[in-house]
Amino acid sequence: MTHTPSLRTRFAPSPSGHLHVGGARTALFNWAFARGRGGKFILRIEDTDQKRSSDAASVGFLKDLKWLGIDWNEGPEFEGCGGGDFGSYFQSERLDMYNKFLEQLVQQGKAYYAFDTTAELDVERKESKSRNEAYRYDRSRADAISPEQVQAWLKEGKSAVIRFKTPAGAIAIHDEILGDATLPAGEVDDFVIRKADGFPTYHFAVVVDDELMGVTTVLRAQEHFNNTAKHVVLQDALGFRRPTYGHLPLIFNPDGSKMSKRDKDKLLRKTAQDKKLTAPPANTVDATRFSAWLGDKNSQLDFAEATAMATALNIELPEINVDDFRRSGYLPQVMCNFLALNGWGPGNDLEKFDNAFLCANFALDRVQKTAAKFDRVKLLAFNLDAIQKLPREAFSGLVKAHGEIYHPEFMKKITAAQFDLLVAASHERSKTLDELFRGNRWLALGDEELTWEKSKQVEKALLAGTPSGLDRLKELRGVLEAVATWTPAGIEESIRQWATTAGLAEQIGQIAQPLRVGVTGSTVSPPIFDTLAILGKSSSLRRIDRCLQDFATAKT
RNA sequence: GGCCUCAUCGUCUAGCCUGGCUUAGGACACCACCCUUUCAAGGUGGCUACAGGGGUUCAAAUCCCCUUGGGGUCACCA
């Protein structure tokens, strides 16, 4: 057995779905803990559940981790990360190793074959439940089967699992975050260590891998706390070393529910039900799929379906996965910072820090014991702050990269000069990178495609008062046409000059709003002189013309 | 329900280990006002918490016990 003296941590996700924020924080803490102490951070893919594993998902994980700035010394090879002497780092490729130890336990009489069917066990579980008792596997039934019978059944290929013969006695767990705990005797039953399909269960694979990979410190979510007892007894039976454990508090939704991948479907389903939909909205999914999904609380739409559904129902889906936050335009360093802050803090009222600081200062004694509710509003505030502190060049580069991935058609529609103006006008006010695109759709629209919202605000800006907004617009058109230098400052100068002569110097709003609505179709946009400058002179004039025309005919 | 575990503003948290420096600090949110060309952003000010009850002590948010409340877990999922 290879002994590695230095500190080694690991992150061991199962490749189902995307990396969500809870997993990301676990990875971040393990990474920072190792990095800050000259240790190694290992990434291992726990793909022993054949039903749930998919290659695509594990690549998604790798991409997400990279984006966050979390790199791994050992693990799957991806963009310069990974490799290592303790592979494979996919559990599905380590069956020989597990089997070796499995056999050892059976031979030593520390584990045994069991032939119960799922149906039989389900009945027992239900009975336990009805008696309000915790379910424990009854070893006596397995004991009643003679060794000869076991061999005979195995020979004829009867479906069997291997269960661990959990020793009697209380089990002590030491945890660097929660302290010591003792599970009373009988709390851990003879759990399955090899499934009927020949794959080890999570418990067994974890214990073997952590030993073989020389993992010294295990930081994982608190939901694993009870599992640790199983791992400890297995380690003892196999003569393995025991890593140091630290169980991290969970991350919850603001309403206190567990943050889950299913939250998106939950919201969609609820909205569909509230709206009493019986058929799928247009351009989403077909009717069969829709009714099946609506009726089954556990079914999930894929990303494209969910997005289409959200658009059709006019709701925003909550960000759950790291990729969702990336898509929404959060900066990776902000994600790391905020994730770390949910469950850990450096003290001294310090709450903004980078990953280097985290590595240097992360320690288990400051990890919170209680679950944190994930506050997206505070995250938004952090993101805004980070964006504002970015040099203009850096911000511009990030927006460009974001736009090219998530809004390619928008990027194609505008010129480099327009882009620069838009960035300049948006830098101080953007909470996310995506906001800049979502808030300025008017810009990506062709002059002839623009339509005007039929809303109270629009009507007020254009039709109310004497003279009305439309009347102002007619006058302003001439003013704009005469502007010599079409820049924010140049436009402002001309308009202010005209405003002064028209006695409107103090009421710029009466000018700005009709203009804004005229050229964007809505009442919200960047400051008006920026808006006009970005749009360009000919587009601005054309849109004003169309607006005047549109509302002239609308009125009659 | 059994077992394990946790408990400071609405939220994330500082203080707790090593009781007095705390009329409990910061941040986000919220409220008010200011600025203002919409939405934001920005500025100023304000509101808000030691779950409850017993101990120990000259002194408790800090130590102990109970209650209450929360969470985790009880799979051939990880």
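Naming: A, B, ... by sequence-line order, numbering from 1 per chain. Below, each value reflects all heavy atoms present in this structure, side chains not excepted, and no hydrogens, waters or symmetry copies.
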| request: May I ask you to decide if the ring planes of A/His231 and A/His203 are parallel, tilted or perpendicular, using 30° and 60° as cut-offs? | output: tilted

| If you find the nucleotide of RNA chain B closest to A/Trp344 and the one closest to A/Arg496, which residue's nucleotide is nearer the 5' end? | A/Trp344

| query | For the residue pair A/Phe382 and A/Phe325, is the inter-centroid distance of their aromatic rings smaller than 6.0 Å? | reply | no

| query | Which value, in whole Å, describes the distance between the P atoms of nucleotides B/C4 and B/G10? | reply | 31 Å

| Whole angstrom value for the distance that separates P of B/U13 from CG of A/Asn337 | 13 Å

| message | What contact category does A/Leu350 fall into here, base, sugar-phosphate, or nothing, at under 4.0 angstrom with non-hydrogen atoms? | response | nothing

| query | For A/His247, does its backbone N or O pair with a side-chain atom of A/Asp175 as donor and acceptor, under 3.5 Å? | reply | yes

| field | Residues A/Gln513 and A/Arg516: side-chain donor-acceptor under 3.5 angstrom | value | yes

| Is the A/Tyr98 to A/Phe199 ring centre distance short of 6.0 Å? | no

| message | So A/Arg366, base contact, sugar-phosphate only, or nothing? Heavy-atom distance under 4.0 Å. | response | sugar-phosphate

| Spacing of the P atoms in B/U56 and B/C64 (rounded, Å) | 15 Å

| Separation of A/Ile534 atom CD1 from B/C39 atom P, in whole Å? | 18 Å

| task | Would you mind reading off the distance between A/Phe395 atom CZ and B/A41 atom P, rounded to a whole angstrom? | result | 14 Å

| request: Quick one: label A/Gln507 by what it contacts on the DNA or RNA (base, sugar-phosphate, nothing), any heavy atom closer than 4.0 Å. | output: nothing

| Mind checking the C1' distance from B/C35 to B/U48? Whole angstroms is fine. | 27 Å

| Which part of the nucleic acid, if any, lies within contact of A/Gln457, taking any heavy atom under 4.0 Å across all strands shown: a base, the sugar-phosphate backbone alone, or nothing? | nothing

| Do A/Lys454 and A/Phe551 meet the cation-pi criteria used here (NZ or CZ under 6.0 Å from the six-membered ring centre, within 45° of the axis)? | yes

| said: For A/Phe29 together with A/Trp344, are the ring centres under 6.0 Å from each other? | reply: no

| task | Please report, rounded to the nearest Å, how far the P atom of B/U5 is from the CD atom of A/Glu187. | result | 11 Å

| field | B/C35: pairing nucleotide in any strand, Watson-Crick or G-U under 3.5 angstrom | value | none

| said: Under 4.0 Å, heavy atoms only, any strand: does A/Leu183 hit a base, just the sugar-phosphate, or nothing? | reply: sugar-phosphate

| said: Return whichever of A/Leu341 or A/Gln513 has its heavy-atom-nearest nucleotide of RNA chain B closer to the 5' end. | reply: A/Leu341

| task | Tell me which nucleotide among B/C12, B/A41, B/C28 gets nearest to the side chain of A/Ala381. | result | B/C28

| task | Could you check whether A/Lys352 gets within reach of a base, just the sugar-phosphate, or nothing at all, counting any heavy atom under 4.0 Å? | result | nothing

| request: Produce a footprint string for nucleotides 65-78 of chain B: one letter per nucleotide, 5' end first; B if the base is under 4.0 Å from any protein heavy atom, S if only the sugar-phosphate is, - if neither. | output: ------SBSBSBBB

| task | Could you verify whether a donor N or O on one side chain and an acceptor N or O on the other, from A/Ser525 and A/Thr520, lie under 3.5 Å apart? | result | no

I'd like a table of atom pairs between the protein and nucleotides 22-26 of chain B - only N or O on both sides, under 3.5 Å - with the distance next to each one.
unit_1, atom_1, unit_2, atom_2, d
B/G25, N2, A/Asp349, OD1, 2.7
B/G25, N3, A/Asp349, OD1, 3.4

| task | Measure centre to centre between the rings of A/Tyr202 and A/His224, then say whether the value is under 6.0 Å. | result | yes

| message | Without decimals, in angstroms, what is the distance between A/Gln368 CD and B/C16 C1'? | response | 12 Å

| request: Kindly check if the number of other-residue, nucleotide or ligand heavy atoms within 6.0 Å of CD (A/Glu493) is above 12? | output: no

| said: In whole Å, measure the gap between the C1' atoms of B/A61 and B/A51 for me. | reply: 12 Å

| request: Look through every strand shown and name the nucleotide pairing with B/G10 as Watson-Crick or G-U wobble, where both distances are under 3.5 Å. | output: B/C28

| message | Regarding B/A41, can its base be found pairing with the side chain of A/Arg429 as donor and acceptor, where the two atoms are less than 3.5 Å apart? | response | no

| request: Grab the OH-C1' distance between A/Tyr137 and B/G2 for me, whole Å please. | output: 21 Å

| query | Considering Watson-Crick and G-U wobble pairs with both distances under 3.5 Å, what does B/C21 pair with? | reply | none

| Does a donor on one side chain and an acceptor on the other come within less than 3.5 Å for A/Asp471 and A/Ser468? | yes

| query | Got more than 12 heavy atoms from elsewhere within 6.0 Å of CD, A/Glu156? | reply | yes

| task | Would you name the heavy atoms of A/Ser540 and A/Trp486 that are closest together and state the gap between them? | result | OG-CZ2, 3.5 Å

| field | Separation of the C1' atoms in B/G15 and B/A7, to the nearest angstrom | value | 16 Å

Heteroatom pairs (N/O) under 3.5 angstrom, protein to nucleotides 30-33 of chain B:
none

| query | Quantified in whole Å, what is the C1' atom distance between nucleotide B/A75 and nucleotide B/U22? | reply | 50 Å

| query | Across the strands shown, which category fits A/Pro254 at heavy-atom distances under 4.0 angstrom: base, sugar-phosphate, nothing? | reply | nothing

| message | Say we look at B/C65 and B/A29: how far apart would their C1' atoms be, to the nearest angstrom? | response | 37 Å

| message | Testing A/Leu105, A/Val233, A/Thr166 one by one against A/Lys110 for a side chain to side chain contact (heavy atoms under 4.5 Å, CB included), which residue passes? | response | A/Leu105

| How would you label the contact of A/Ser128 with the nucleic acid (heavy atoms, under 4.0 Å): base, sugar-phosphate, or nothing? | nothing

| Which part of the nucleic acid does A/Pro184 contact within heavy-atom distance under 4.0 Å: base, sugar-phosphate only, or nothing? | sugar-phosphate

| Pairwise C1' distance, B/U62 and B/U18 [rounded to whole Å] | 11 Å

| Applying a 3.5 Å limit to both distances, which nucleotide forms a Watson-Crick or G-U wobble pair with B/C63? | B/G55

| request: Starting at atom NZ of A/Lys389, determine the distance to atom C1' of B/G42, rounded to an integer number of angstrom. | output: 14 Å

| field | Distance in angstrom units between A/Glu428 CD and B/U38 C1', rounded | value | 18 Å

| field | Flag for A/Asn321-A/His20: side-chain donor and acceptor within less than 3.5 Å | value | no

